[in-house]
Amino acid sequence: MGIQIYNTLTRKKEPFVPLHSGTVSMYVCGPTVYNYIHIGNARPAIFFDVVRRYFEYRGYEVTFIQNFTDVDDKLIRKAEELGVTVLEVADRFIRAFEEDTQALGVKEAHVHPRVSNHIEEIIDFIQKLINKGYAYESSGDVYFRTEKFPEYGKLSHQNIEELQAGVRIAVNEQKDNPLDFALWKSAKPGEIYWESPWGKGRPGWHIECSAMSMKYLGESFDIHGGGHDLMFPHHENEIAQSEALTGHPMAKYWMHNGYINIDNEKMSKSLGNFVLVKDIREKIAPQVLRFFMLSAHYRHPINFSEDLIEQAKNGLERIQTAISNLRHRQVAATSEVNEENEKQEIYRKKFIEAMDNDFNTADALAIVFEWVRESNQYLLGEKVSNQGVQVYLDLFEEMGSVLGLQLEPAEEELLDQEIEALIQERTEARKQRNFQRADEIRDLLMEKGIILEDTPQGIRWRRK
RNA sequence: GGGAGUAUAGCCAAGUGGUAAGGCACAGGUCUGCAAAACCUUUAUUCCCCGGUUCAAAUCCGGGUACUCCCUCCA
């Protein structure tokens with residue numbers, strides 16, 4: 001079957017056929033860097049990272065571009081607030097973005113183009129649109145003439161008449177038509193600006209993605225991704241700009257991820273319920289957040305609450321425990337019999353089948369859990385070999401790396417001597433069937449956050 | 001007004017024509033000195049409601065109901 005992708009443009013799942021055999025070019029709308037990212041920003045970051053990893057896993061050479069919007073109204077306001085320049089604000093929050101996404105296990109994009117570094121390309125793009133009659137200058141601003149582009153609305157499946165009827169914004173006198181959107185905005189006094197044929201100003205929001213994707217990926221590329229809310233008007237406008245200029249489809253597949261609600265409510269400034277990644281990282285392991293995000297289909301909305309995070313945490317722990325069970329047995333395993341390869345192949349196929357189906361990470365995780373059961377059952381059997389254990393570990397590693405999940409428990413740091421001594425003492429006590437003392441020690445260590453387990457292969461411990 | 005989406009067990013969540021995955025929680029059992037971990041078993045005659053198509057529907061069609069999002073900056 002191969003990889004199937006749900007394409008917003010056609011509203012159907014389609015087989016993925018790359019523009020250029022063996023390669024995938026993708027562009028994902030990145031954040032406006034005026035603040036720390038919240039968990040709503042984390043969803044596309046994590047999800048499209050999985051898309052990228054999966055393509056790589058399937059042998060494609062991927063070029064992954066994600067922009068930073070570093071010039072816009074929100075940045076200008078923030079800069080005033082902080083008494084620094086717009087670009088200093090951007091630098092600061094780009095660093096924060098990198099820290100947060102790195103913690104979430106997101107691989108770095110190949111290029112993170114910034115608007116402020118691409119003004120020349122943007123001006124050039126706009127000039128060409130004007131030359132072709134798709135844009136017009138109006139007292140220092142430049143607008144895109146939407147009625148010149150008959151396909152306007154094809155992505156969000158709305159037609160121009162209905163859009164016009166629904167326009168809620170105050171009519172801007174500069175525009176010929178309320179649906180026209182800004183390509184270039186003239187600078188107000190004191191604002192950051194660049195020189196242009198239309199005077200001092202800065203790019204409108206949508207043009208950056210058209211200009212920068214074209215620069216790095218060409219006039220047509222494979223996949224354009226972003227949040228569901230960007231579908232209209234942002235992506236619609238990108239299509240209008242790019243396709244008006246080039247006459248070719250901008251992207252072949254458009255992918256949109258669903259929203260995150262907090263306790264069943266939309267995240268919004270007025271409700272004050274924004275959850276920042278940097279804050280949540282202090283309370284829950286980033287891996288748990290990542291696991292949580294991947295436990296539902298990317299196009300469905302998900303709800304965020306403490307209770308659901310707790311569920312995710314416990315689920316992830318089941319997988320990690322299975323792996324440490326394998327590690328624990330690895331040294332002791334003796335039998336040389338290994339009949340697990342066939343089983344591994346079956347589960348690998350199931351995993352690929354799940355991911356092929358429009359990146360169904362929820363299904364893929366279900367396969368990981370089935371592998372957990374297989375693994376635990378294996379360890380229960382008579383014939384456990386190091387080779388067999390390795391077969392289980394290998395597929396865990398393989399699936400984990402596609403999902404970007406660190407399934408292997410973190411390297412256990414050494415216990416301090418006092419605790420080491422207590423464990424020793426307890427082992428002795430158990431030998432002498434002094435269970436009272438043994439239980440005492442176990443309780444004591446439990447208070448220190450260390451869980452002791454007695455296994456046929458000897459005692460083992462883990463942190464709570 | 002226009003567009004899009006969601007409704008599946010206590011909770012989360014796949015499945016989109018062939019007779020309900022997986023996880024969390026809960027209960028019983030096995031193992032254990034007791035635990036933990038693990039394994040086994042049980043847990044939705046049924047997928048928001050009402051009609052229809054079909055040998056067969058959670059899945060398709062029609063009509064409702066509820067909730068969410070977009071059309072204004074937004075992931």
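In what follows, every chain begins at residue 1, and chains take the letters A, B, ... in the order their sequences are listed. Worth knowing before you read on, the calculation uses all heavy atoms, side chains too, and leaves out hydrogens, waters and symmetry mates.
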How is A:Leu379 classified with respect to the nucleic acid when contacts are heavy atoms under 4.0 Å: base, sugar-phosphate, or nothing? nothing
Using the P atom as the point on both nucleotides, what is the distance between B:G63 and B:G5, in whole Å? 16 Å
Look at the aromatic rings of A:Phe304 and A:Phe292 and report parallel, tilted or perpendicular, splitting at 30° and 60°. perpendicular
Option passing ring-ring contact (aromatic ring centres under 6.0 Å, His included) with A:His256 (candidates A:His235, A:His224, A:His234): A:His235
Classify the side chain of A:Asp307 versus the base of B:C12 as yes if they form a donor-acceptor pair under 3.5 Å and no if they do not. no
C1' atom, B:U32 versus B:C39: distance in rounded Å? 14 Å
Distance check needed: B:C74 C1' versus A:Asn257 CG, whole Å only. 13 Å
Under a 3.5 Å limit for both distances, which nucleotide forms a Watson-Crick or G-U wobble pair with B:A14, could you say? none
Atom NE2 of A:His157 to atom P of B:G2: distance rounded to whole Å? 18 Å
Could you tell me how far B:U54 sits from B:G17 if I compare only their C1' atoms? Round to whole Å. 9 Å
Between C1' on B:A14 and CD on A:Glu353, what's the gap in Å once rounded to a whole number? 13 Å
NA contact type, A:Arg327, heavy-atom cut-off 4.0 Å: base, sugar-phosphate, or nothing? nothing
Taking only N and O in the side chain of A:Arg318, is any of them less than 4.0 Å away from OP1 or OP2 of B:C39? yes
Pick the C1' atom in B:G18 and in B:U46, then give their distance to the nearest Å. 16 Å
Residue-phosphate contact under 4.0 Å: A:Gln377 side-chain N/O, B:C40 OP1/OP2: yes
A:Arg11 side chain near B:G5 phosphate (N/O to OP1/OP2, under 4.0 Å): no
Do A:Trp371 and A:Phe396 have side-chain heavy atoms sitting under 4.5 Å apart? yes
Is B:U72 paired to anything, Watson-Crick or G-U wobble with both distances less than 3.5 Å, and if yes, which nucleotide? none
B:G3 to B:G64 separation - P atoms, rounded to the nearest Å: 14 Å
Taking atom C1' in both B:U43 and B:A25, what distance in whole Å separates the two? 12 Å
If you compare every side-chain N and O of A:Trp371 against the phosphate oxygens of B:G22 (OP1, OP2), does one of them come in below 4.0 Å? no
If each of A:Pro233 and A:His38 is mapped to the nucleotide of RNA chain B with the nearest heavy atom, which maps nearer the 5' terminus, i.e. the 5' end? A:Pro233
With heavy atoms under 4.0 Å as the rule, sort A:Gly315 into base, sugar-phosphate or nothing. sugar-phosphate
Using a heavy-atom cut-off of under 4.0 Å over every strand shown, decide if A:Ile260 touches base, sugar-phosphate, or nothing. base
Expressed in whole Å, how much space separates the P atoms belonging to B:G52 and B:A58? 15 Å
Name the nucleic acid region contacted by A:Asn325, choosing base, sugar-phosphate or nothing; use a 4.0 angstrom heavy-atom cut-off, strictly under. sugar-phosphate
Contact class for A:His234 (heavy atom, under 4.0 Å): base, sugar-phosphate, or nothing? nothing
For the side chain of A:Gln311, counting heavy atoms from C-beta on, which of B:G23, B:C69, B:A36 is nearest? B:G23
Identify whether NZ of Lys or CZ of Arg in A:Arg202 sits under 6.0 Å from the centre of the six-membered ring of A:Tyr193 and within 45° of that ring's axis. no
Closest of B:C34, B:G15, B:G33 to the A:Asp363 side chain is B:G15
Pairing check on B:G5: which nucleotide meets the Watson-Crick or G-U wobble criteria with it, both distances under 3.5 Å? B:C67
Any A:Arg373 side-chain nitrogen or oxygen under 4.0 Å from OP1 or OP2 of B:G23: yes
Residue A:Asp229, side-chain heavy atoms: nucleotide from B:C73, B:C74, B:G22 that is nearest: B:C74
With heavy atoms under 4.0 Å as the rule, sort A:Gly258 into base, sugar-phosphate or nothing. base
Using a cut-off of strictly less than 4.0 Å, decide whether A:Asn360 has a side-chain nitrogen or oxygen near OP1 or OP2 of B:G15. yes
Any-strand Watson-Crick or G-U partner of B:A20, both distances under 3.5 Å: none
Heavy atoms only, 4.0 Å cut-off, all strands: where does A:Arg43 land among base, sugar-phosphate and nothing? nothing
Protein-nucleotide distance (A:Arg460, atom CZ; B:U32, atom C1'), rounded to Å: 15 Å
Please determine whether a side-chain nitrogen or oxygen atom of A:His300 lies at a distance below 4.0 Å from atom OP1 or OP2 of B:A14. yes
Which of these nucleotides, B:A21, B:C73, B:G5, is closest to any side-chain atom of A:Tyr6? B:G5
With both distances under 3.5 angstrom, what nucleotide forms a Watson-Crick or G-U wobble pair with B:G62? B:C50
Side-chain donor/acceptor of A:Glu208 to backbone N/O of A:Ile122, under 3.5 Å: no
Establish whether the base of B:C71 is bridged to the side chain of A:Gln158 by a donor-acceptor pair shorter than 3.5 Å. no
Considering only side-chain heavy atoms of A:Tyr259, which listed nucleotide, B:C34, B:A37, B:C74, is closest? B:C74
Applying a 4.0 Å non-hydrogen cut-off, can you work out what A:Asn376 is touching in the nucleic acid: base, sugar-phosphate, or nothing? sugar-phosphate
Which heavy atom of A:Arg43 sits nearest a heavy atom of A:Ile302, and at what distance? NH2-N, 3.5 Å
Checking N1-N3 plus N6-O4 or O6-N4 for Watson-Crick, or N1-O2 and O6-N3 for wobble, each under 3.5 Å, the partner of B:U30 is B:A38
Donor-acceptor under 3.5 Å (A:Asn7 side chain, A:Lys252 main chain): yes
Checking B:A13, B:C12, B:G33 against the side chain of A:Arg426 (C-beta onward), the nearest is B:G33
Suppose you measure atom P in B:A9 against the same atom in B:A36; what distance do you get, rounded to whole Å? 30 Å
In whole angstrom, what separates A:Gln432's CD from B:C34's P? 19 Å
Please identify which of these residues, A:His118, A:His112, A:His110, meets the ring-ring contact (aromatic ring centres under 6.0 Å, His included) condition with A:Tyr216. A:His118
Which residue, A:Phe291 or A:Asn261, contacts RNA chain B at a nucleotide closer to its 5' end, judged by nearest heavy atom? A:Phe291
For the side chain of A:Phe232, starting at C-beta, report the closest nucleotide among B:A13, B:C73, B:C71. B:C71
Over all strands shown, is A:Phe369 touching base, sugar-phosphate only, or nothing at heavy-atom distances under 4.0 angstrom? sugar-phosphate
List the steps and the verdict of salt bridge (charged side-chain N to carboxylate O under 4.0 Å, His left out) for A:Glu80 and A:Arg77. CA-CA 5 Å; A:Glu80 273 170 21; A:Arg77 220 178 305 135; over 6 Å; no
With heavy atoms under 4.0 Å as the rule, sort A:His297 into base, sugar-phosphate or nothing. sugar-phosphate
Base, sugar-phosphate or nothing for A:Glu370? Non-hydrogen atoms, less than 4.0 Å. sugar-phosphate
CG on A:Leu380 to OG on A:Ser375, rounded to 0.5 Å: 10.5 Å
Out of B:C12, B:C73, B:G33, whichever nucleotide has its closest atom nearest the side chain of A:Trp205: B:C73
